[in-house]
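Heads up: the structure comes next, in structure tokens.
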Number of protein chains: 2
Amino acid sequence: MARKVSRRGGNIVTIHDVARHVGVSPMTVSRVINGEKNVREETRAKVLASVEALNYSPNLAARSLATQDSARIGLLYSNPSVAFLSEFLVGILSESSQSGAQLLIESCEGPEGATAALEKMKANGCDGVILSPPLSDSSRVAKVLRDMDLPFVGVAMARPDPQVCCVTIDDFKAAFSMTKRLIELGHQRIGFIKGHPNAYASQTRFEGFEAAMQKAGITVDPALVAQGYFTYRSGFDAAERMLNCKDRPTAIFASNDDMAAGAVATVHRMGLDVPDHVTIVGFDDTAMASSVWPELTTVRQPIADMAALSVRLMNDQIRAKRLGKPFEPVREIRDFALIERQSSAPVGTA
Amino acid sequence: MARKVSRRGGNIVTIHDVARHVGVSPMTVSRVINGEKNVREETRAKVLASVEALNYSPNLAARSLATQDSARIGLLYSNPSVAFLSEFLVGILSESSQSGAQLLIESCEGPEGATAALEKMKANGCDGVILSPPLSDSSRVAKVLRDMDLPFVGVAMARPDPQVCCVTIDDFKAAFSMTKRLIELGHQRIGFIKGHPNAYASQTRFEGFEAAMQKAGITVDPALVAQGYFTYRSGFDAAERMLNCKDRPTAIFASNDDMAAGAVATVHRMGLDVPDHVTIVGFDDTAMASSVWPELTTVRQPIADMAALSVRLMNDQIRAKRLGKPFEPVREIRDFALIERQSSAPVGTA
DNA sequence: CTGAAAGCGCTTACAG
DNA sequence: CTGAAAGCGCTTACAG
């Protein structure tokens, strides 16, 4: 490893070392590393070989200083599930450290508290804001942001707004698919636990459920639809009510994993088994889903990836604004996935 | 806000703007910001006022480029609890983005798989490695690291090794305190669920439990000590065995939150209540503890803080090594805290 | 106690 | 297709 001694005695392979090794200018090495086209194929190959040989990898701090990419990004959240939030944060943090963005993190209690938090961010030189659900769906928050002339990106939005840049999955389709799968497993009496009323995703997921039921010609029994609040406890209570029906459901679809885990606990408490007596499925595939037993069948929403992508979109938007270029709001729809674990089974397994 | 237009059209307040505003050199501003002593009090005050007025905040990328602090830090983990890991990551990521460190993250299956992962890191120019438990306690991993001449920091180590730089809590004392608290609540028949045998913390926590019991003059019934594996399922099973004893425990102390949550599920399944019939307490205070119902009384281990501190220690160590200065291994013991939630109560509440 | 110079590693903008 | 120059915002090392 050819390493040079830096001003302070460290050993770091730089772009200059690679350049010298190959016999080109640092500029050419930079071009190869950044995948630019205007490099002769032969030169590119030599540079790449050298990068490999010297074990070069770029200094992110230097890059972001040079590119001026170092935006100051605000992240505003309002207590979603802890499991959701931490996965969200991991995505945000890792991408922003990659791109050299600085982070300003604030929480607030619902859309009403958002204004104060946003003003604080703005005062701290914030260039743009990333919104986690349910804030991302709040038109009130969106208005405040527009008035402040701050660009923003919404993550996991459930209500389409062509004006807003966002990263989501198709909640309707995801809920539809999961419901369809339950029906394929022979379930007919399927209970549904809704999410918090302040989140649009709650409504959209319920609509997906309804649509799949209707398509299969199954009537949704109102007694099997319960209001939840995305908490374990609310799932626990909702499931209890449903399971005390005379004609109890053979499957319960909860709008997130926390509630599904609560529903599993209720089933167990009643001396029944999951999935033998009741199938339980969740939504999100957070840490909760694979931490409980039986592990939850759920809809995987790639939260960390979505969060990371939102940082990239935010960077693009900030850069465009700085350059005075127009920025067309992007609506990125990521794929969801049905993850089948042990909490679901064909009907009548017991 | 006095903002200058940068090369690419952005508006950023820099150290120069502050300097001009105050009428001093950028150097002086830098000194004030970094809290150096050699600045006249009057000058310092003026600079600080200006920093406030212009809303200046330093560009981290520029700083880390200039200080050469940008170490490349490897993070090696071997599947601990997902909840534990995500809190750990949040701490690591936020501190490393603060300090401008680059991260190389690898996982492995136990100490045996560590060598390959570490070689990969080393090949990628890694300057030092942070170890999460149970890897942090592995003398085998420590030896590999020493042979590679890579500095490392262990997080949440349970076995004191004066040679190794680490950040921990006092697991013994923490387990002792929690047990003492249970005894104060009147519990005598207390069950204990051990953690995974490959983690030293499991042993240490058990010793703390034993010591507190002994000090209170209570004999530990071997039937009330079960082997767990830090998973929900293992807590579930262990609790089931204990609760089927003729003389069942009135309280169960699980060595982590996942197992405690599993134990709660078992109690419920048997038609009993938490905490009315059985008190259940956990350890760590991960997201799991406040996600289930009833929420868990537990020992708070400040995982994110500890992880963040480990990054700082790693940076110090790498800098010392680069400068050829000796670095005395530091052993940082953080405070734990007893968090009382709804899963515990005085004995005989029902 | 304060400042002018040089440099951190990379990229943009311009020339050829 | 390639390179020389200048600059990103900050700090170290040296003078005074």
Side-chain angles (χ1 to χ4, degrees), chain A residues 3-20 22-47 51 54 56-72 99-100 102 125 319 322-323, chain B residues 3-20 22-47 51 54 56-72 99-100 102 125 319 322-323:
Chain A
R3 295 198 140 198
K4 90 167 191 218
V5 170
S6 85
R7 182 169 44 162
R8 283 160 212 85
N11 310 299
I12 303 137
V13 181
T14 73
I15 208 171
H16 290 91
D17 300 316
V18 177
R20 207 174 310 126
V22 183
V24 294
S25 76
M27 217 23 252
T28 300
V29 176
S30 172
R31 288 196 179 93
V32 172
I33 290 162
N34 292 296
E36 283 174 36
K37 347 200 147 171
N38 289 339
V39 181
R40 198 157 33 121
E41 205 37 65
E42 196 188 328
T43 315
R44 176 186 307 279
K46 277 197 290 187
V47 170
V51 162
L54 299 182
Y56 167 77
S57 93
N59 180 316
L60 265 26
R63 175 180 287 174
S64 73
L65 181 58
T67 55
Q68 293 288 289
D69 257 3
S70 55
R72 212 164 282 174
S99 68
Q102 295 183 44
R319 199 173 316 136
R322 282 188 182 158
L323 295 172
Chain B
R3 294 199 139 198
K4 89 168 193 217
V5 169
S6 86
R7 181 168 48 162
R8 284 161 210 85
N11 309 301
I12 303 138
V13 181
T14 73
I15 208 171
H16 290 91
D17 300 316
V18 178
R20 209 174 308 126
V22 183
V24 294
S25 76
M27 219 22 253
T28 300
V29 178
S30 172
R31 286 197 179 92
V32 172
I33 290 163
N34 291 295
E36 282 175 36
K37 345 195 152 177
N38 290 339
V39 181
R40 197 157 32 122
E41 206 36 67
E42 196 189 325
T43 317
R44 178 187 306 280
K46 278 197 289 188
V47 170
V51 162
L54 300 181
Y56 168 76
S57 96
N59 180 316
L60 264 27
R63 176 180 285 173
S64 74
L65 181 58
T67 54
Q68 292 289 288
D69 257 4
S70 55
R72 212 164 284 173
S99 68
Q102 296 182 45
R319 199 174 316 134
R322 282 188 183 158
L323 294 171

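Sequence lines set the chain letters: A, B, ... in the order given, protein chains first and strands last, and positions in each chain run from 1. Predicted model only: the values in this text are computed from it and were never measured. Computed from heavy atoms alone, side chains included, the values below leave out hydrogens, waters and symmetry copies.
Candidate nucleotides C/dC10, D/dC10, C/dG3 were compared by shortest atom distance to the side chain of B/V24, and C/dG3 ranks first. Listed nucleotides: D/dT2, C/dG9, D/dC10. Nearest to the side chain of A/T28: D/dT2.
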Could you go through the side-chain contact (heavy atoms from CB on, under 4.5 Å) check for B/Q102 and A/N59 one step at a time?
CA-CA 8 Å; B/Q102 296 182 45; A/N59 180 316; 4.3 Å; yes
Go through it in stages, so that I can follow the logic: the residues are A/S25 and A/T28, the test is side-chain contact (heavy atoms from CB on, under 4.5 Å), and I'd like the CA-CA distance, side-chain angles, deciding distance and then a yes or no.
CA-CA 5 Å; A/S25 76; A/T28 300; 3.4 Å; yes
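Atoms CZ (B/R63) and P (C/dG9) sit 18 Å apart, rounded to a whole Å. Rounded to whole Å, the distance from CG on B/L60 to C1' on D/dG9 is 11 Å. Per the geometry, CD1 belonging to A/I15 stands 5 Å off P belonging to C/dC10, to the nearest Å. Atom CZ of A/R44 is separated from atom C1' of D/dT2 by 13 Å (rounded to the nearest Å). Straight-line distance from the CG atom of A/L65 to the P atom of D/dA6: 18 Å, rounded to whole Å. For B/M27 and D/dG9, the CE to C1' distance is 13 Å, given to the nearest whole Å. Remark: P of D/dT2 and CZ of A/R20 are 19 Å apart, rounded to the nearest angstrom. The nearest whole Å value for the distance from the CZ atom in A/R319 to the P atom in D/dC8 is 18 Å.
For A/T67 and C/dT11, the shortest distance from a side-chain N or O to OP1 or OP2 is not below 4.0 Å. Note on A/R31: every side-chain N or O is 4.0 Å or more away from OP1 and OP2 of D/dT2. Between B/S25 and the phosphate of C/dG3, there is a side-chain N or O to OP1/OP2 separation shorter than 4.0 Å. OP1 or OP2 of C/dT11 sits under 4.0 Å from a side-chain N or O of A/N34. A sub-4.0 Å separation between OP1 or OP2 of C/dC1 and a side-chain N or O of B/R40 is absent. OP1 and OP2 of D/dC10 both lie 4.0 Å or more from every side-chain N or O belonging to B/S30.
Of all nucleotides present, none satisfies the Watson-Crick or G-U wobble test against C/dA4 with each distance under 3.5 Å. Nucleotide C/dA13: unpaired (no Watson-Crick or G-U wobble partner with both distances less than 3.5 Å).
Closest-nucleotide positions on DNA chain C for A/E36 and B/V39 were compared, and the one nearer the 5' end corresponds to B/V39.
Between A/N34 and A/S30 the shortest side-chain heavy-atom distance falls below 4.5 Å. Looking at A/D17 and A/T14, their side chains come closer than 4.5 Å, going by heavy atoms from C-beta outward. Annotation: side chain of B/R63 is not in contact with side chain of B/I15 (no heavy-atom distance under 4.5 Å).
Using a 4.0 Å heavy-atom criterion, one finds that A/N38 contacts the bases of the nucleic acid, with or without backbone contacts as well. Residue A/T43 is in sugar-phosphate contact alone, with no base atom involved, counting any heavy-atom pair closer than 4.0 Å across all strands shown. Within 4.0 Å (heavy atoms only), A/P58 reaches sugar-phosphate atoms of the nucleic acid but no base atom.
Residues B/T43 and B/R31 bring no donor and acceptor atom of their side chains to less than 3.5 Å of each other.
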